[in-house]
Amino acid sequence: MAGKDANSSAEKGKKKEVKKEAGSAEGKKKEVKKETGRAEGKKKEVKKETGLGLSYKKDENFGEWYSEVVVNGEMIEYYDISGCYILRPWAMSIWEVMQTFFDAEIKKMKIKNCYFPLFVSSGVLQKEKDHIEGFAPEVAWVTKSGESELEMPIAIRPTSETVMYPYFSKWIRGHRDLPLRLNQWCNVVRWEFSNPTPFIRSREFLWQEGHTAFATKEEADTEVLDILELYRRIYEEFLAVPVIKGKKSEHEKFAGGLYTTTVEAFVPNTGRGVQGATSHCLGQNFAKMFEINFENEKGEKAMVWQNSWAYTTRTIGVMIMVHGDDKGLVLPPKIASVQVIVIPVPYKDANTQGIFDACDATVKSLNEAGIRAETDFRDNYSPGWKYSHWELKGVPLRIEIGPKDLANNQVRAVRRDNSAKIDIPMADLVSQVKDMLDNIQQSLFDVAKQKRDACIQVVHTWEDFAEALSQKKMILAPWCDEEEVEKDVKTRTKGDMGAAKSLCSPFDQPALPEAIKETRVQRNEPPLSPTILNRRYLVDQFEPITPSSPTSILHRRSPSSPISFLHRRSSSSGAFVVNGISWRPPPSPDYK
Ligand code: 87F
């Protein structure tokens, strides 16, 4: 997963929390199985007439709802190895749509595809030991072939820095070998220990990993942002999931790199942010380690500047969590392998063949216009069963054709996202269906954005911060980006729901209140940048801080007086108070 996957030191050691979020799939595998039997064993919400439907409601039991929706929606099948899932064609086709888009875009940028081996020798893996250290427990090893022990265990790639960079060192000699821009589409293995969740946290997942080397930092910086923009487009234009672009804090960045940029999504049901994908500037750290040098135009020896970037099948899980409802999946038209399902609704004495022919003609016209439409002619299921089945699978638009439609030379279209129904004259079929699909795509995004924005809270005091956190809000607060302060926020907010973490400092920065800026200048302290904080794994977001905001901030006062959280500086006395009263911080020797 891009979050975990594509880095995040801070993902470490926070595994328990995940359970309460989306997770809970594992260990419930059996339960899920029981629940998923279409017809049997469903006592609660399952529709009597069809045996289809979900037994859990999204707002009542999100974890169980998610497990059920991915299985019943035919995206995932559980497997007999914990944390490993079968991606069924319905899910794989979504991955392929995103892959087609991204692959074409990176080719325009002259990035080339390649494939490096799945196995890593321990010697090579150790080369990156400093950065691998925190991740070591997740590395899976092959130790035997048949019954015989291997002489040296071989690791399965968790990421490919150590696999690729020795060859970067070999292939890059002079400035004419630069830039070297490679990408690979592959699987990686990270042996997670807690709460595997389909798509979101699995032990094996699919991703693309880009690894590039440049002569200058400027070129590397540009690429980091170009790739991040593609990630934004995948989420917003394809998956209809709003994201926030920004920079990770020092604590949350990929430890091996110079800086990490990210797109952060938000799942309102859990109240948490999800790292959607990351694009790192690695600086020259790996160049130093792997001796990736080149002779520059002046004939001098120089080190390359590197980037790495990835997005994973986690994208699909985020989309399901954001759009799915109590009837099942809700797929945005751009990624749905079937955008329109056409269902014949024959009636006793009606002209059944005529209805079937109209269905065929409808699909043909839509296909010719580039719309992915199919018809469901199965005669062993009723129309009602088919409606529920395709709703569960999230097909964006259903077209029904019955005797009345045939007589009136029209079809009935029903939207998956809001159940709106309209009759479309056959003459307007293609244009109206196109419009409806565009409209569904946009509306899914708008609704998701509205929900997300409602969960963003600007805070200036510690009390407000804690309160907003307990309300599952995404918090936007002025922030000093110091590791010590971030660790302290984590310690203070540790609880059943997990601790708070910073998600990113958004590129789109709201203005800081003048009062805060002035205070920083007066104290000769570096400027603060508004940052989004939230409980681990889900996101809290920000909104602009209003000019009238008080000056309380999350920052470190000065090197000698470690941290002053959310203090408010009274303009008259210069004393520090919080919310008008003297602030008593939680017991901690370091804090004032
Ligand atoms: C797990 C086990 C071993 C993340 C790991 O984000 C190593 C790692 O290096 C590890 N989990 N990471 C960081 C990956 C960073 C980076 N790699 C290339 C990316 C983008 C693609």
Side-chain angles (χ1 to χ4, degrees), residues 1-15 18 83 102 106 111 113-116 118-122 124-141 153-165 168 180-194 196 200-213 220 223-224 227-228 230-231 234 247-248 251-264 274-283 285-286 289-290 306-315 504:
M1 353 190 151
K4 166 101 205 148
D5 350 308
N7 119 58
S8 186
S9 53
E11 299 280 351
K12 309 269 116 196
K14 295 171 202 161
K15 292 175 179 159
V18 180
F102 190 80
I106 60 174
I111 293 162
N113 279 330
C114 61
Y115 188 79
F116 282 73
L118 170 69
F119 298 115
V120 198
S121 71
S122 63
V124 162
L125 197 69
Q126 289 308 311
K127 190 142 191 193
E128 202 216 9
K129 101 162 159 300
D130 288 352
H131 303 116
I132 269 289
E133 204 171 57
F135 300 120
E138 286 179 15
V139 178
W141 295 87
I154 292 171
I156 303 174
R157 70 173 161 230
T159 178
S160 300
E161 281 81 356
T162 56
V163 180
M164 291 177 150
Y165 297 166
F168 275 46
L180 178 60
R181 305 175 92 182
L182 300 182
N183 176 66
Q184 71 174 358
W185 292 97
C186 63
N187 58 341
V188 283
V189 171
R190 294 181 186 173
W191 213 253
E192 299 280 352
F193 289 97
S194 60
I200 299 288
R201 184 175 297 274
S202 52
R203 286 180 164 171
E204 178 188 0
F205 55 86
L206 304 182
W207 74 353
Q208 60 64 220
E209 55 177 319
H211 294 267
T212 54
E223 185 197 71
V224 164
I227 294 292
L228 198 70
L230 294 181
Y231 293 153
I234 286 177
K247 189 168 166 253
K248 284 281 177 194
H251 187 61
E252 293 291 336
K253 74 172 192 185
F254 173 35
L258 188 60
Y259 64 89
T260 294
T261 66
T262 178
V263 286
E264 299 285 329
V274 187
Q275 185 173 285
T278 46
S279 177
H280 316 280
C281 178
L282 303 177
N285 297 346
F286 286 90
M289 250 183 298
F290 288 87
Q306 288 179 275
N307 292 340
S308 75
W309 26 271
Y311 80 93
T312 76
T313 34
R314 173 186 276 190
T315 45
C504 71

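One-based numbering, in listed order, for ligands and for the atoms of each.
Inclusion of His280 in the set of residues having an N or O under 3.5 Å from an N or O of ligand 1 is warranted. Looking at ligand 1, you won't find any N or O of Glu209 less than 3.5 Å from one of its N or O atoms.
Those atoms of ligand 1 with a heavy atom of Phe135 less than 4.0 angstrom away are 1 (C), 2 (C), 3 (C), 4 (C), 5 (C), 7 (C), 8 (C), 9 (O), 10 (C), 11 (N), 12 (N), 13 (C). Distances below 4.0 Å separate heavy atoms of Glu161 from the following atoms of ligand 1: 15 (C), 16 (C), 17 (N), 18 (C). Set against the non-hydrogen atoms of Ala310, the atoms of ligand 1 under 4.0 Å away are 20 (C), 21 (C). Distances below 4.0 Å separate heavy atoms of His211 from the following atoms of ligand 1: 18 (C).
Here the shortest heavy-atom distance to atom 11 (N) of ligand 1, taken over Gln184, Arg157, Arg190, Glu138, belongs to Arg190. Looking at Trp309, Phe254, Tyr311, Trp207, it is Phe254 that brings a heavy atom closest to atom 13 (C) of ligand 1.
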So Trp141 and Ser122, side chain to side chain contact (heavy atoms under 4.5 Å, CB included) or not? Walk me through it. CA-CA 9 Å; Trp141 295 87; Ser122 63; 3.5 Å; yes
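Using a 3.5 Å distance cut-off with no hydrogens or angles, the side chains of Thr260 and His280 do pair a donor with an acceptor.
For Asn183, the side-chain hydrogen bond (donor to acceptor under 3.5 Å, both in side chains) partners two or more places apart in sequence, or in a different chain, are Asn113, Gln208. With sequence neighbours excluded, the residues forming a side-chain hydrogen bond (donor to acceptor under 3.5 Å, both in side chains) with Glu204 are Asn187, listed by chain and number.
Remark: aromatic rings of Phe168 and Phe286 are distant, center separation not under 6.0 Å.
Using a distance-only test at 3.5 Å, with no hydrogens or angles considered, a donor-acceptor pair links the side chain of Arg157 to the main chain of Phe116.
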